Peer 1: 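Provided herewith is a single structure, encoded as structure tokens, for subsequent inquiry.
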Protein chains: 2
Amino acid sequence: MENSDDWDPLRHPGHYFSRIARGLTRAGDARLRDLGFATAQLPVLTALKDGAELSQKELAKWAKVEQPTMAQMLSRMERDGLVQRAPDPEDKRSSLISLTDATLEKLPAGRAILRQGNSDMTKGLTEDEIETLVSLLRRVLENVDSMEP
Amino acid sequence: MENSDDWDPLRHPGHYFSRIARGLTRAGDARLRDLGFATAQLPVLTALKDGAELSQKELAKWAKVEQPTMAQMLSRMERDGLVQRAPDPEDKRSSLISLTDATLEKLPAGRAILRQGNSDMTKGLTEDEIETLVSLLRRVLENVDSMEP
DNA sequence: TCCTATTATATAGGAACCTATATAATTAAA
DNA sequence: TTTAATTATATAGGTTCCTATATAATAGGA
């Protein structure tokens, strides 16, 4: 089937994912900047929101990024006063990361921005459509995750 | 509505976009590596596939990335022998970029990989579901693009 | 116990993205 | 036509992501 135009990005979902992801990052970062947060940090914030202390390894797993990515991000977050590290009494290789008090205080504002972003992103979609979208995305993600080779 | 759990990423589409986009990039790059291509270069390859010569500006617009992003990518692509620059006879500030012969020869193989990726990504979805997905993505992208502030 | 394998972080190196700014060429305006 | 505004690239600086590899601490086995 030569006429299906594999080169036309508008016809395939693939194209949209990167553009939506980049757009969300840009808009989200702009909205979070005054709080000192960034979209990439959201998984860390949510994992530690109740005062939990987690290792770098656990945070990387939760955020679904590689360990060196999380290491760098935590360095920047520590540098910026968002998180603190305490030595893990049970393992001298590891430290336990937690949010600083200042960060904990800013969380509700971050949460509000997040809620607004979620609603802006789906503006004009009905609840049913959003549900359909999420369930399709879930299936695509599963395919993508098992696609690696 | 306190119980809607804004912090639960699985409930909102936002979470999925970054994971799907990163997964597609990783899998795509792995599959394209032997050809010497990368997923981020696909817009350039498709824009120039028929031997067209475009300026950096035009390529950036087509790929929907900022000009400095395209500048760096074209540098790498030139370094790797994928594209070549010719001075624009009508504007001394600008050059016209085109694919090298070696790249043109590898395009059909790249296209096959692309087709395979598109089909892997939507495995298990019916044609109707894919169409629904694309149309929802299109609407979300529109929202995201007008979200900036 | 002592040596080896595993595990938690750290570091090196690189791609792809961004914003802000500099430079040179072109266009428009006075 | 001479200056001022605009435009095309380039460069600087920074974040987020990746793979590959080094280092130190813990765990397991001989």
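Below, read A as the first sequence line, B as the second, and so on, with proteins coming before strands; counting in each chain starts at 1. Quick caveat: nothing in here was measured; it's all calculated off a predicted structure.
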Peer 1: Within this structure, what is the CD-to-C1' distance between B:Glu78 and D:dA10, rounded to whole angstrom?
Peer 2: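 Rounded to whole Å, this separation is 13 Å.
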Peer 1: Find out whether A:Met73 and A:Leu59 are in side-chain contact, i.e. whether some heavy atom of one side chain is under 4.5 Å from a heavy atom of the other.
Peer 2: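 In short, these two side chains do not touch, never coming nearer than 4.5 Å.
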Peer 1: For A:Arg19, report the nucleic acid contact type (base, sugar-phosphate, nothing); a contact means any heavy atom under 4.0 Å.
Peer 2: nothing
Peer 1: From D:dA25, C:dA10, D:dC18, pick the nucleotide closest to the side chain of B:Arg26?
Peer 2: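 Per side-chain heavy atoms of B:Arg26, the pick is D:dC18.
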Peer 1: Taking CG from B:Leu54 and P from D:dA8, how many angstroms apart are they, rounded to a whole number?
Peer 2: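 Taking CG of B:Leu54 and P of D:dA8, I get 13 Å after rounding.
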Peer 1: From B:Ile97 CD1 over to B:Leu54 CG, what is the distance, rounded to the nearest 0.5 angstrom?
Peer 2: 8.0 Å
Peer 1: Within the 4.0 Å heavy-atom criterion, would you say A:Ser75 contacts the bases, only the backbone, or no part of the nucleic acid?
Peer 2: nothing
Peer 1: How is B:Ser94 classified with respect to the nucleic acid when contacts are heavy atoms under 4.0 Å: base, sugar-phosphate, or nothing?
Peer 2: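 Sugar-phosphate contact only.
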Peer 1: From C-beta outward on A:Arg22, which listed nucleotide comes closest to its side chain: C:dC17, D:dC18, D:dC17?
Peer 2: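 Nearest to the side-chain atoms of A:Arg22, counting from C-beta on, is C:dC17.
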Peer 1: Using whole Å, what does the distance between atom P of nucleotide D:dT7 and atom CG of B:Asp88 come to?
Peer 2: 16 Å
Peer 1: Which part of the nucleic acid does A:Ser55 contact within heavy-atom distance under 4.0 Å: base, sugar-phosphate only, or nothing?
Peer 2: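 Sugar-phosphate, no base atom in range.
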Peer 1: Between atom CE in B:Met70 and atom C1' in C:dC18, what is the gap in whole Å?
Peer 2: 14 Å
Peer 1: Is the phosphate of D:dA10 approached by B:Gln56 (side-chain N or O, under 4.0 Å from OP1 or OP2)?
Peer 2: yes
Peer 1: Look at the side chain of A:Lys57 and decide which nucleotide, out of D:dT7, C:dA8, D:dT16, has an atom nearest to it.
Peer 2: C:dA8
Peer 1: Between D:dA8, C:dA15, C:dC18, which nucleotide gets closest to the side-chain atoms of B:Val65?
Peer 2: C:dC18
Peer 1: What's A:Asp91 touching, base or sugar-phosphate or nothing? Going by heavy atoms closer than 4.0 Å.
Peer 2: sugar-phosphate
Peer 1: So which nucleotide from D:dA24, C:dC18, D:dT9 ends up closest to the side chain of A:Arg93?
Peer 2: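 Nearest nucleotide to the side chain: D:dA24.
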Peer 1: Side chain of B:Pro68, heavy atoms from C-beta onward: which of D:dT9, C:dA8, D:dA10 has the nearest atom to it?
Peer 2: D:dA10
Peer 1: With a sphere of 6.0 Å drawn around CD of B:Glu142, does it hold more than 12 non-hydrogen atoms of other residues, nucleotides or ligands?
Peer 2: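 No, CD of B:Glu142 has 12 or fewer neighbouring heavy atoms, counting only those of other groups under 6.0 Å.
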Peer 1: Would a distance-only check, ignoring hydrogens and angles, find a side-chain to backbone donor-acceptor pair under 3.5 Å from B:Lys106 to B:Leu35?
Peer 2: yes
Peer 1: Starting at atom CD of B:Glu66, determine the distance to atom C1' of D:dG14, rounded to an integer number of angstrom.
Peer 2: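 The answer, rounded to whole Å, is 15 Å.
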Peer 1: Could you state the atom-to-atom distance from CD1 of A:Ile97 to C1' of C:dA8 in whole Å?
Peer 2: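 Taking CD1 of A:Ile97 and C1' of C:dA8, I get 11 Å after rounding.
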Peer 1: Round to the nearest Å and state the distance from A:Asp29 atom CG to C:dC17 atom C1'.
Peer 2: 11 Å
Peer 1: Pick the closest DNA chain C nucleotide for B:Gln41 and for A:Leu96 by heavy atoms, then say which residue is nearer the 5' end.
Peer 2: A:Leu96
Peer 1: In whole angstrom, give the distance that lies between atom CZ of A:Arg33 and atom C1' of C:dA20.
Peer 2: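 Taking CZ of A:Arg33 and C1' of C:dA20, I get 12 Å after rounding.
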Peer 1: Quick check: on DNA chain D, is the nucleotide nearest B:Gln72 upstream (toward 5') of the one nearest A:Gln67, or the reverse? Name the residue that is more 5'.
Peer 2: B:Gln72
Peer 1: Toward the 5' end of DNA chain D, which comes first, A:Ala38 or A:Lys92, by nearest nucleotide?
Peer 2: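 That would be A:Ala38.
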Peer 1: Go through D:dT19, C:dA16, D:dT16 for me and flag the one nearest to the B:Arg76 side chain.
Peer 2: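 Taking heavy atoms from C-beta onward, the closest nucleotide is C:dA16.
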Peer 1: Over all strands shown, is B:Thr25 touching base, sugar-phosphate only, or nothing at heavy-atom distances under 4.0 angstrom?
Peer 2: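 Counting heavy atoms under 4.0 Å across all strands, no contact is made by B:Thr25.
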Peer 1: Let's see if you can work this out: which of D:dT15, D:dT26, C:dA10 has an atom nearest to the side-chain heavy atoms of A:Arg85?
Peer 2: C:dA10
Peer 1: Could you pull out the closest heavy-atom pair between B:Leu42 and B:Leu114, with the gap in Å?
Peer 2: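 Residues B:Leu42 and B:Leu114, closest heavy atoms: CD1-CD1, 3.5 Å.
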Peer 1: What verdict does the salt bridge (Lys or Arg N to Asp or Glu O under 4.0 Å) test give for A:Asp91 and A:Lys57, after you've listed the backbone C-alpha separation in whole Å, the side-chain angles of each residue and the deciding distance to 0.1 Å?
Peer 2: CA-CA 13 Å; A:Asp91 189 335; A:Lys57 179 81 190 291; over 6 Å; no
